[in-house]
Amino acid sequence: MQFIDLEKQQKRIRDKIDQNIKKVLDHGKYINGPEMAELENRLADYCGTKYAIGCSNGTEALLMALMAYDIGPGDAIFSTAFTFIATSEVARILKATPVFVDIDKTTYNIDSNGLEDAIKKVIKDGKLKPRCVIPVDLFGQCADMDEINKIADKYELMVIEDAAQSFGAEYKGRKACSLAHVATTSFFPAKPLGCYGDGGMIFTNDKSMYETIVSIRIHGKGTDKYDNIRIGLNGRLDTIQAAILLAKFDIFEEEIALRQAVADYYSRGLSDCVTIPVIRDYNRSVWAQYCVRHPERDRIMGEMKKDGIPIMIYYPKPLHLQGAFGDLGYSIGDFPVSEAVSNDIFALPMYPYLGKEEQDMVISSLRKAIGK
Ligand SMILES: *Cc1c(COP(=O)(O)O)cnc(C)c1O
C-alpha cells in the first residue's frame, strides 16, 4: 500500500497526458506556451477569480505575492504556527518577521481570536509594522476566511490565502483561492491537483496586483523582458506542466467526490477510537490529508508500520519551535494547541483511488493497535 498512489490516476488518463505532452513537443513553446494561458483561464473560471498566474511552485507563489506587497524588514506577517515551513519561510526570505498564532482546537486552522490578540500585541510593542496575514487552508479545509478578512480590514492588513492544500475546496459556497485579496496554491505532485514536477498558481481579482505579479514572475519586466522596472525573479510554470495539469483537471471534480467517499469511510470506521477530522458544515474539504489524533500515536504508528501501513505526521514540529525560526525568540508553551496537536496527530493513506479493501486494512490495523 502507498500513502499516496499517483500511478492509478496516471493509468486512467495516460493517453490524454501523452497527447497533451506531444502537443507541447510539437509546437516547442516550452516557456509561456498556449497551455499555460489555457490553464490560467480554466482555473480562474473554476475558482471564480478574474486572474490566475501560473508559477514555478507554491512557495514562489507566496514569495511573489509578498514581493508585490513590497514586504521587507520591519514588517510583521501573521500566520499559523501549525503548517508547512513554506508559509512563513517566505516572510523571512524578505527579512520580514513572521508572527505566529495558535490554531483552532477542532479544525487546526489559524485561531481568529488569537490572530487579533497577536496584531494588538505587535501594535502595542511598536517595533514592527503589521502588514499581512497568511491563513492556511490546512489539510484541504478552508480557514475561517470571513472572520480573518474582517480582522484584517479592521487593522488594514493584506490577506494572502495559502491554498496549497485546498485547491477545489469550498467555503460558504465560494471556492478556495477566491477567499482573500490574493491566494496561492501548489501543484506539487502529492497535492490534490498535482503536476509531474513543481508548479503553483496565484489568484486575484485585483488588476494592478495581477500586473505587478506578472512582472515579478519574469524578472520585474516592464514592456518586455529586457526592460526591467523592479526586482523580480524567474517564477514561471513550465508549459509541459500546464499541459499535464489540463489533463488532470478534466477529472478533478470527480476525484474530489472520490476523496470525500474515502474520508467518509474512514470516519465511519474510526470515530469510536481516534479523534477524527471535523469539517465545518459550511466547508467542503478536498482532503489533502486525512489526519487523526490519539495520545499513543507513536506506539500505534509503530504497530501499523509492522502491518505495512504507511503513516505520515503532519506536522511533527510547529513552526515556532523550528531551528530555522530560532532567532524569533519563541519557546515551548507559546502555542499550546499547536504543540499538543503536533504530539498526537498522524495521517492515514489518502488518495481518490484508495480501495475499500485497502481502507479496511488501515482501519483494522489501527483498531487492533488500540485494542478495539
Ligand atoms: C506544499 C505547501 C506549500 C509549498 O508548495 P510547494 O509547491 O511545495 O512550494 C506552501 N504551503 C503549504 C501549506 C503547503 O502545504
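All ligand and atom numbering here is 1-based and tracks the order in the structure.
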The atoms of ligand 1 lying under 4.0 Å from a heavy atom of T83, numbered in the order shown, are 13 (C)
Within a distance under 4.0 Å of any heavy atom of A164, pick out the atoms of ligand 1 and give their elements.
2 (C), 3 (C), 10 (C), 11 (N), 12 (C), 14 (C), 15 (O)
Just to verify, what does D198 make a side-chain hydrogen bond (donor to acceptor under 3.5 Å, both in side chains) with, not counting sequence neighbours?
none
Any carboxylate oxygen within less than 4.0 angstrom of a Lys/Arg side-chain nitrogen, looking at K8 and E358?
yes
How many angstroms lie between atom CZ of R367 and atom CG of D360, to the nearest 0.5 angstrom?
11.5 Å
T87 neighbourhood, listing ligand 1 atoms whose heavy-atom distance to it stays under 4.0 Å:
11 (N), 13 (C)
For atom 4 (C) of ligand 1, grab the closest protein heavy atom and report residue, atom and distance to one decimal in Å.
T59 OG1, 3.5 Å
Can you tell me the protein heavy atom closest to atom 11 (N) of ligand 1 and the distance?
D162 OD2, 2.8 Å
Check: I332 and E339 side chains under 4.5 Å, non-hydrogen atoms
yes
Any atoms of ligand 1 less than 4.0 Å from a non-hydrogen atom of V136? List them with their elements.
13 (C)
Give the ring-plane orientation class for Y314 versus F3, where under 30° counts as parallel, over 60° as perpendicular and anything between as tilted.
tilted
Establish, yes or no, whether a centroid distance under 6.0 Å links the rings of F78 and F100.
no
Identify the heavy atoms of L179 and N149 that sit nearest to each other, and give their distance.
O-ND2, 2.9 Å
Looking only at heavy atoms of D198, does any of them come nearer than 4.0 Å to an atom of ligand 1?
no
Hey, is K191 touching ligand 1 through its side chain, its backbone, both or neither, going by heavy atoms under 4.0 Å?
side chain
Would you please indicate if the ring centroids of F167 and F252 are separated by under 6.0 Å?
yes
So between A61, G140, S186, whose heavy atom ends up nearest atom 8 (O) of ligand 1?
S186
Look at atom 6 (P) of ligand 1 and find which of G58, S166, G200 reaches it with the closest heavy atom.
G58
Taking heavy atoms and a distance under 4.0 Å, where does N57 meet ligand 1: side chain, backbone, both or neither?
both
